[in-house]
Engineer: 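Handing you this structure, nothing more for now.
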Amino acid sequence: MTEPATATDGRAELAKAYVPAEAEAIVTQRWQAANASHAEPAAPGTPTYSIVIPPPNVTAALHLGHALNNTLQDVLVRYHRMRGHATLWMPGTDHAGIATQTVVEKRLLNDGIKRLELGRDAFIDKTQEWKDEYEAIILSQLKQMGFSCDWDRTRFTMDEICTVAVREAFYRLFDDGLIYRGKRLVNWDPATRTALSDDEVEMEEIDGHMWYLRYPIEGGPLDDGTTHVTVATTRPETMLGDTAVALNPDDPRAEALRGRRVVLPIVNRSIPIVEDDYVVMADPDSTEAKAQYASGFLKVTPAHDPNDWDIGQRHELAVINIMGPDGSISDQYGWDDVSDQARAFVGMSREDARTAIVAWFDDNDLLEQVRNYTHSVGHSYRSHVPIEPWLSDQWYVAVTDDKLRGSALRAQNAEQLPDMPDGVGDRGRSDGDGSLTFYPARYARTYASWHENIRDWCISRQLWWGHQIPVWLRIVDESDASAEVIDALERAGIDQAEPVQSEWTRRGAAHHARRVTATEIEESICIGPDAAVRRSDARDATTEADLVAAVEAAGYTRDPDVLDTWFSSALWPMSTMGWPWSEDFPETEGLLESFNPTSVLTTAREIITLWVSRMVMFNRYFLDGQLPFTDVFIHAMIQDGHGQKMSKSLGNGVDPRDIIHSHGADALRYSLVQMTTDTQDVRMPVNIVCPHTGDVFEPEFITNASGYTVTAPVQSSPSDPSKKMVSAYGIATAEAAATDDMPAARNTSAKFDLGRNFANKVWNATRFALGRLDGTSESTANRVVNAAQASFADRWILARLQQTVTEIDSLMGRYQFNQIAETLYDFIWRDVSDRYLEAVKATIDTDVDQQVVLGAVLDAVLRLLHPVCPFVTETLWPNVAAVRGGSVAGLALPPSELVALAAWPVADDSLADPAVIADFDRADALAAAIRTVRSEQQVKPRREITMHVPPAVSALIDTAGGVVESLAGIGTVDDAEGAPPGANIIVFEGEQVLLSDMVDAADAGAEIARLDKRIDELRKQVSGLDARLSNAGYVDNAPPHLVDETRQQRAAAQADLEATQAARSAL
RNA sequence: GGGCGAUUAGCUCAGUUGGCUAGAGCACUGCCUUCACACGGCAGGGGUCGUUGGUUCAAGUCCAAUAUCGCCCA
């Protein structure tokens, strides 16, 4: 193999096959040296194109899902950059609060270190180290895949510039009354001890039980002798916090029970019986599981169930919280009527308490029955333990406010969401209304219906890793409260925050107060970033540090919680571009004006609610209705070979670096683009590369504890089973560790062969041309070829090029990625390589015009393919540039040092030539028919045969100017009369074409068989067409052009049939 | 429970508003190591388009049921 020496102009000697690893390293350097992907704000009048990367979490290395997502973005970005747009692709990573904290905690625990013992600052340092490590890995992966992000602008969601944006956004929302603090039921994760938003809760089907517990009726039996009511519950342990029993008002038993109370067992609490529509009535014959299992009585535990909370609100029930933050039974969080009997349960875990309480009911003859019951239970997406609805103080964004939710809905394209939901109001209030378009369109409804059912967004997380909430709190007794606070609270009820005018607001902070108990008041001071405090028009504005010091001196302490990760992600298209004060970060000046709204957001569908919605709400809120992006492209998901979603726990993620290693980055990218369709998720069966032998083999699978099919952690080499290796699953799940004897094995997949072969094809097609072109010669250097005077093959390939450019332009605008890949494949492989290069082989060495055309076509091919396959095209670019000369009229291909910075080809309409394309297809069809006979007669490929043609066919052959001869291996073209006896006959367009000099002795039997088979086919075809034409319904109702077409087809098939029959009978 | 998507060749997938003999890649068969490419060329085999019913001159495509799988929401 030739060493790819790099000359100063970037040209390399071309090896026989494309070697991605060598090319990728060199090309990456050239891009870096040219700063090829850097963007500056657009000059006036220049069109812009921008994308912000969905910032990957710093929890782990990227997998193929990221590769897909970002490949699509790079295709768009490179395409628009070549189109001459000022193009920005903003890269970065996300701190991913809970996810990162969890992985770091786990790693520390492996070393025996506990987070709480380590302390907040030291833990954050450790997490920072993790972040640095994985951020570097992620950025390196992105670069290895060739992504043309503006690396100079790489951001992290906890960078100072992002922090300023987060602080300012929080401050403004707080000041505007859209952020509030309240005691609510939250989705509590007892394992990580933090609240989760609704979106972070995953529902899982659980095989559980329905327990039927008897609660004695207070004050003696009813008239019918009933002594108790039976409540049905899946969570008996929460009964300690029951504050009512509810039944449906339509229940026949309601009247007798009205006004009665029950005595809560164990606790001996007297609780009311209330009537509420929510309660499902018992009906053993119902098709609904709920009614089948219902007893008609519902225990109501407002502190531990969201539905019960609502019932409690309606009936003004007490709220008794019987659990601590770790999910154990506790009397420290609002339970103060603990009976002696109940005391025994305090301190138990929720699981133990469930067992113990059921046992207690059984022992006391109050357990009526137990039935198996499958129901869905919310689990933490992070720790996977069941969620505990838990009462606590949290911060919320009032996303249900019209300024957020309504704005998000009004943003939607009116074609995709014609009617606004009730109460949202019509579009047309602000700029971005009606401009948000989803591709594929069906996701517009997903987005809309989510907003219709949205609840306020819980943004506080009990974590250390993240943006700490910029609010300082203190609780004061009403008697100690300032007059300003009392004055503000006059206007409000309990648990409602009210703005206060105070010394703090006069110094540039925001001040709220709310009553938290009958006598206590909670005051909260929100302080903006230093840049905001300094700019404040408040009378006594100082600095953030001074203000914080003063607030803390006054007895306020900062809320230790941090913000939900998605709060900072929601600001990503703004914060990365310098909002709110780009003058403080000069490198960002002008970005917001040039590049926000961005052109498109590319993401997977799971993130529509978490991220897309919130970016829309925030961007519009802070930027006068301006959208963060106008298009949203939702792409497919990559599943493993068993149709399972790729996930860390299944260890079935594939590292793109493995694919780059086995196939190259361009192959990875091309194959991913090729499989990106509107609808279908993609299955990716993965093989393993043996690190000992290089063998590629299908791994051994096992079924894990949860019933999923996973790769066995340790695999054996197929050719030598004594050699072992660790699979990616083994590494991801830590079930096996790589050693010298048992190294880690890379993954690969045959799905990427397609892309690798294609890159190699481009490579070799170019090598062919390089051997035939010499652009430095006098004759070609300044030659301008006019298509009208060019040869048939040249006119054809230029017409096809024009068609291809037009098609790709259209497909790019519609995000039809798989069709882009197919269009490129068809043009480059089928047309340029298989047909054009074969057709010109005979003439290229002498036809100077053809050399110009070939050079131009190759140049255009590299440009067209560049967005998808940047490495191979950039590698070949200088070589092609060096040998091509002249130009083609109507085909603009201005020179450029790098193809990455070259102009997208512009092919004038004058190059379009449907007649030439039609004639070429005819010539190609004739050649194909001849090749079929050659193959059947086993004619040697190099043997040049003679064809004998009637005048009609002769005309085509003349028109085609040698193409038929080249493609069919014809040495001589003769007229029909000259055919020797025994010549083979094919029928083309109703005419007989004879072939001779095929073999030394013709096989008459094979010839007869072939013609008989063809006659059979043609008969079927004719009779099929006859059937259609004899159908009056078709002739009368189908569009006339289709009927005409059918008649022509019928005539052509009939002519072919007759000619073939004539040939057959001549034998 | 609600919504969305899928079911087409052995495998992985295309098939735009209904209209040429339902396509591609891999795999398979035969021939070819021809001076761009065996990561290749040429030729070929292989599909009752999940099932049932309907609309239509015409259904892989539209409608209705139904089965199976996946995802999202509750």
Side-chain angles (χ1 to χ4, degrees), chain A residues 14 16-18 20 198-199 201-203 287-290 376 378 440 442-443 445-446 449-450 452-453 604-606 608-609 636-637 639 641 643-645 663-664 667 671 674-685 749-772 810-811 814 816 818-819 821-822 825-826 829-830 833-834 837-838 841 927-928 930-943 967-969 1017-1018 1020-1021 1024-1025 1028-1039 1041-1043 1045-1046 1048-1049 1052-1053:
Chain A
L14 299 192
K16 192 171 169 186
Y18 174 53
D198 294 341
D199 321 83
V201 177
E202 293 174 346
M203 302 309 285
T287 52
E288 303 278 320
K290 272 195 176 164
S376 54
R442 64 176 180 279
Y443 292 109
R445 286 186 55 202
T446 307
S449 66
W450 187 75
E452 287 168 35
N453 303 314
R605 57 181 172 265
E606 59 193 358
I608 293 175
T609 54
M637 314 251 295
Q639 304 169 338
Q644 301 167 144
K645 191 172 159 179
H663 288 79
S671 304
Q674 187 272 151
M675 60 182 77
T676 298
T677 65
D678 267 4
T679 55
Q680 184 86 330
D681 287 341
V682 179
R683 284 192 185 198
M684 179 78 62
S749 169
K751 290 216 72 148
F752 298 99
D753 291 354
L754 171 67
R756 181 198 55 194
N757 297 351
F758 186 48
N760 189 56
K761 190 71 183 179
V762 174
W763 179 265
N764 275 298
T766 306
R767 280 181 70 219
F768 164 80
L770 295 180
R772 306 296 181 105
S810 153
L811 294 169
R814 292 178 287 138
Q816 303 279 314
N818 67 314
Q819 292 185 50
E822 261 163 46
Y825 190 95
D826 282 346
W829 199 318
R830 302 273 86 98
S833 301
D834 290 348
L837 293 186
E838 293 305 325
K841 272 180 180 171
I930 296 167
R931 286 194 304 251
T932 302
V933 178
R934 288 181 62 123
S935 180
E936 277 165 356
Q937 297 288 338
Q938 308 217 330
V939 179
K940 295 287 175 203
R942 302 179 78 168
R943 183 165 184 140
L967 295 183
E1017 282 170 6
L1018 286 166
K1020 273 187 199 155
Q1021 206 174 323
L1025 293 166
R1028 196 181 303 172
L1029 287 167
S1030 61
N1031 179 344
Y1034 175 68
V1035 178
D1036 296 344
N1037 296 318
H1041 75 273
L1042 282 173
V1043 179
E1045 201 175 285
T1046 308
Q1048 284 165 23
Q1049 283 166 353

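Order of the sequence lines fixes the chain letters, A, B, ..., with proteins taken first and strands second; residue numbering starts at 1 for each chain. The structure displayed is predicted, hence computed values, not measured ones.
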Engineer: Parallel, tilted or perpendicular: which describes the rings of A/W763 and A/Y18, with under 30° parallel and over 60° perpendicular?
Structural biologist: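 If you compare the ring of A/W763 with that of A/Y18, the planes turn out tilted.
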Engineer: Scan A/S833 against the nucleic acid and name what it touches under 4.0 Å (heavy atoms): base, sugar-phosphate only, or nothing.
Structural biologist: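 Since a base atom lies under 4.0 Å of A/S833, the category is base.
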Engineer: Closer than 3.5 angstrom, by distance alone: can the side chain of A/S935 be matched with the main-chain N or O of A/R931 as a donor-acceptor pair?
Structural biologist: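 Not confirmed, A/S935 side chain does not pair with A/R931 backbone.
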Engineer: When you compare the side chain of A/Q674 with that of A/L754, does any pair of heavy atoms fall below 4.5 Å?
Structural biologist: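 With C-beta onward as the side chain, the pair touches.
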Engineer: Just how far is it from atom CG of A/N757 to atom CG of A/N764, taken to the nearest 0.5 Å?
Structural biologist: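 Answer rounded to 0.5 Å: 11.0 Å.
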Engineer: Does B/A38 have a Watson-Crick or wobble mate here (both distances under 3.5 Å), and if so which one?
Structural biologist: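 Its partner is none (no Watson-Crick or G-U wobble pair with both distances under 3.5 Å).
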Engineer: Which base, if any, makes a Watson-Crick or G-U wobble pair with B/C62, both distances under 3.5 Å?
Structural biologist: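 Pair assignment: B/C62 / B/G54.
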Engineer: Can you tell me the distance, in whole Å, between the CZ atom of A/R442 and the C1' atom of B/G5?
Structural biologist: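 So the CZ-C1' distance, A/R442 to B/G5, works out to 6 Å.
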Engineer: Using whole Å, what does the distance between atom P of nucleotide B/G5 and atom CZ of A/R445 come to?
Structural biologist: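 My rounded result for the distance is 8 Å.
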Engineer: Do the non-hydrogen side-chain atoms of A/I608 and A/W450 ever get within less than 4.5 Å of each other?
Structural biologist: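 Heavy-atom side-chain distance check fails, nothing below 4.5 Å.
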Engineer: Between A/R756 and A/G664 (side chain of the first, backbone of the second, donor and acceptor by atom type, cut-off under 3.5 Å), is there such a pair?
Structural biologist: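 No, because the side chain of A/R756 does not come within donor-acceptor range (under 3.5 Å) of the backbone of A/G664.
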Engineer: Side-chain N or O of A/T932 versus OP1/OP2 of B/G44: is the shortest distance under 4.0 Å?
Structural biologist: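 The answer is yes; a side-chain N or O of A/T932 sits under 4.0 Å from OP1 or OP2.
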Engineer: Can you say whether a donor on the side chain of A/K761 sits under 3.5 Å from an acceptor on the base of B/C37, or the other way round?
Structural biologist: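 Answer is yes: a donor-acceptor pair is held.
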Engineer: When rounded to the nearest Å, what value does the distance between C1' atoms of B/C26 and B/C20 take?
Structural biologist: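 My reading of the C1' atoms in B/C26 and B/C20 gives 28 Å.
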Engineer: Rounded to whole Å, please give me the gap between CG in A/D753 and C1' in B/A38.
Structural biologist: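 It is 14 Å, rounded to the nearest whole Å.
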Engineer: Report yes or no: is the cationic atom of A/K761 (NZ for Lys, CZ for Arg) closer than 6.0 Å to the six-membered ring centre of A/Y825, at no more than 45° off its axis?
Structural biologist: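 So A/K761 doesn't make the cation-pi contact.
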Engineer: Which whole number of Å gives the distance between the C1' atom of B/A59 and that of B/G53?
Structural biologist: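 Their C1' atoms lie roughly 14 Å apart.
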Engineer: Atom CE of A/M637 and atom P of B/G70: how far apart are they, to the nearest Å?
Structural biologist: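 Going from CE in A/M637 over to P in B/G70 covers 13 Å.
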Engineer: Would you say A/N757 reaches B/G40's phosphate, i.e. side-chain N/O to OP1/OP2 under 4.0 Å?
Structural biologist: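 A/N757 to B/G40 OP1/OP2: side-chain N or O found under 4.0 Å.
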Engineer: Using atom P in both nucleotides, what's the gap between B/C71 and B/C49 to the nearest angstrom?
Structural biologist: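 That atom pair is separated by 28 Å.
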Engineer: Given B/A36, is OP1 or OP2 found less than 4.0 Å from the side-chain N or O atoms of A/W829?
Structural biologist: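 So the side-chain polar atoms of A/W829 never come under 4.0 Å of the phosphate oxygens OP1 or OP2 of B/A36.
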Engineer: Looking at A/V762 and A/T766, what are the two nearest heavy atoms and their distance?
Structural biologist: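 Looking at all heavy atoms of both residues, the closest pair is O-OG1, 2.8 Å.
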Engineer: Between B/U17 atom P and A/Q816 atom CD, what is the distance in whole Å?
Structural biologist: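 Roughly 11 Å, once rounded to whole Å.
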Engineer: For a quick check of understanding: with a heavy-atom distance under 4.0 Å over all strands, which category does A/A765 fall into, base, sugar-phosphate or nothing?
Structural biologist: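 Since a base atom lies under 4.0 Å of A/A765, the category is base.
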Engineer: Side-chain N or O of A/K940 less than 4.0 angstrom from OP1 or OP2 on B/C31?
Structural biologist: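 Checking A/K940 against B/C31: no side-chain N or O falls below 4.0 Å of OP1 or OP2.
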Engineer: Test of understanding: with side-chain hydrogen bond (donor to acceptor under 3.5 Å, both in side chains), list the residues that count as partners of A/R445, not counting sequence neighbours.
Structural biologist: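 In terms of side-chain hydrogen bond (donor to acceptor under 3.5 Å, both in side chains), with neighbours along the sequence ignored, A/R445 is linked to no residue.
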Engineer: Could you check how far CG of A/N764 sits from P of B/U33, rounded to whole Å?
Structural biologist: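 Value for this atom pair: 19 Å.
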Engineer: For A/R756, which contact category applies under a 4.0 Å heavy-atom criterion: base, sugar-phosphate, or nothing?
Structural biologist: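 Here A/R756 touches the bases of the nucleic acid.
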Engineer: Which value, in whole Å, describes the distance between the P atoms of nucleotides B/U21 and B/C39?
Structural biologist: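 Roughly 38 Å separates the two P atoms.
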Engineer: With a 4.0 Å cut-off on heavy atoms, is A/N453 in touch with a base, just the backbone sugar-phosphate, or nothing at all?
Structural biologist: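 If one applies the 4.0 Å heavy-atom cut-off, A/N453 turns out to touch nothing in the nucleic acid.
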Engineer: Determine the contact category for A/Q639: base if any of its heavy atoms lies under 4.0 Å from a base atom, sugar-phosphate if only primed atoms, P, OP1 or OP2 are that close, otherwise nothing.
Structural biologist: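 Sugar-phosphate, no base atom in range.
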Engineer: Roughly how many Å is it from CE in A/M684 to C1' in B/G70, rounded to a whole number?
Structural biologist: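 So the two atoms are 17 Å apart, to the nearest Å.
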Engineer: The side chain of A/T677 lies closest to which of these nucleotides: B/C37, B/C35, B/C13?
Structural biologist: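 Nearest listed nucleotide: B/C13.
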Engineer: Just call it for A/R814: base, sugar-phosphate, or nothing, with non-hydrogen atoms closer than 4.0 Å on any strand.
Structural biologist: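 Touches nothing.
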Engineer: If you compare every side-chain N and O of A/R683 against the phosphate oxygens of B/C26 (OP1, OP2), does one of them come in below 4.0 Å?
Structural biologist: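 No, no such contact exists.
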Engineer: Can you find a side chain N or O atom of A/S935 that sits less than 4.0 Å from OP1 or OP2 on B/C31?
Structural biologist: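 So the side-chain polar atoms of A/S935 never come under 4.0 Å of the phosphate oxygens OP1 or OP2 of B/C31.
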Engineer: Say we look at B/G3 and B/A9: how far apart would their P atoms be, to the nearest angstrom?
Structural biologist: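 It comes out at 29 Å once rounded to the nearest Å.
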Engineer: Heavy atoms under 4.0 Å, any strand shown: does A/Y443 hit a base, just sugar-phosphate, or nothing?
Structural biologist: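 Answer is nothing: A/Y443 stays at 4.0 Å or more from every strand.
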Engineer: When you measure from the side chain of A/E822, which nucleotide among B/A36, B/U34, B/A14 comes out closest?
Structural biologist: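 Closest of the options to the side chain of A/E822: B/A14.
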Engineer: Reading RNA chain B from 5' onward, which residue's closest nucleotide shows up sooner: A/F758 or A/E838?
Structural biologist: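 It is A/E838 whose nearest nucleotide is closer to the 5' end.
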Engineer: Quote, to the nearest angstrom, the P distance that separates B/C28 from B/A14.
Structural biologist: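 Here B/C28 and B/A14 have their P atoms 24 Å from each other.
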Engineer: Say you pick atom P in B/G46 and the same atom in B/A22; how far apart are they, in whole Å?
Structural biologist: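 Approximately 13 Å lies between the P atom of B/G46 and that of B/A22.
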Engineer: Give the nucleotide from the list B/A43, B/C39, B/C37 with an atom nearest to the side chain of A/R931.
Structural biologist: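 Nucleotide nearest to A/R931's side chain: B/A43.
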Engineer: Between C1' on B/C35 and CZ on A/R767, what's the gap in Å once rounded to a whole number?
Structural biologist: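 To the nearest whole Å, that distance equals 11 Å.
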Engineer: Suppose we define a pair by two distances each less than 3.5 Å, Watson-Crick or G-U wobble; what does B/C4 pair with here?
Structural biologist: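 Base-paired to B/G70.
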Engineer: I'd like to know if A/Q674 reaches the base of B/A14 with its side chain such that a donor and an acceptor end up less than 3.5 angstrom apart.
Structural biologist: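 Looking at the base of B/A14, it does not pair with any donor or acceptor on the side chain of A/Q674 (distance under 3.5 Å).
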Engineer: Taking a pair as Watson-Crick or G-U wobble with both distances under 3.5 Å, which nucleotide is matched to B/U48?
Structural biologist: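 Check on B/U48: unpaired, no WC or wobble geometry under 3.5 Å.
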Engineer: Say we look at B/G23 and B/G60: how far apart would their P atoms be, to the nearest angstrom?
Structural biologist: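 That atom pair is separated by 13 Å.
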Engineer: Using the side-chain heavy atoms of A/D834, tell me which of these nucleotides is nearest: B/G41, B/C37, B/A14.
Structural biologist: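 Nearest to the side chain of A/D834 among the choices is B/G41.
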Engineer: Extract from the structure each pairing of a protein N or O with an N or O of nucleotides 20-22 of chain B at less than 3.5 Å, listing the distance.
Structural biologist:
unit_1 : atom_1 : unit_2  : atom_2 : d
B/U21  : OP2    : A/R1028 : NH2    : 3.3
B/U21  : O4     : A/Q1021 : NE2    : 3.4

Engineer: For B/U21, give the paired nucleotide (Watson-Crick: N1-N3 plus N6-O4 or O6-N4; G-U: N1-O2 and O6-N3; both under 3.5 Å), or none.
Structural biologist: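 Across any shown strand, B/U21 pairs with none.
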Engineer: Phosphate oxygens OP1/OP2 of B/A36: is one of them under 4.0 Å from a side-chain N or O of A/R772?
Structural biologist: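 Result: yes.
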Engineer: Distance check, rounded to the nearest 0.5 Å: A/T676 atom OG1 versus A/Q816 atom CD?
Structural biologist: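 It comes to 11.0 Å.
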Engineer: Tell me which nucleotide, if any, is Watson-Crick or G-U wobble paired with B/U29 when both distances must be under 3.5 Å.
Structural biologist: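 Its partner is B/A43 (Watson-Crick or G-U wobble, both distances under 3.5 Å).
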Engineer: Across all strands, who's sitting opposite B/U16 as a Watson-Crick or G-U wobble pair, both distances under 3.5 Å?
Structural biologist: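 Its partner is none (no Watson-Crick or G-U wobble pair with both distances under 3.5 Å).
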Engineer: When rounded to the nearest 0.5 angstrom, what distance separates CE in A/M684 from CZ in A/F752?
Structural biologist: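 Spacing of CE (A/M684) from CZ (A/F752) equals 4.0 Å.
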Engineer: Between A/A1053 and A/L1018, which heavy-atom pair has the shortest distance, and what is it?
Structural biologist: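 So the two residues come closest at O-CD2, 4.1 Å.
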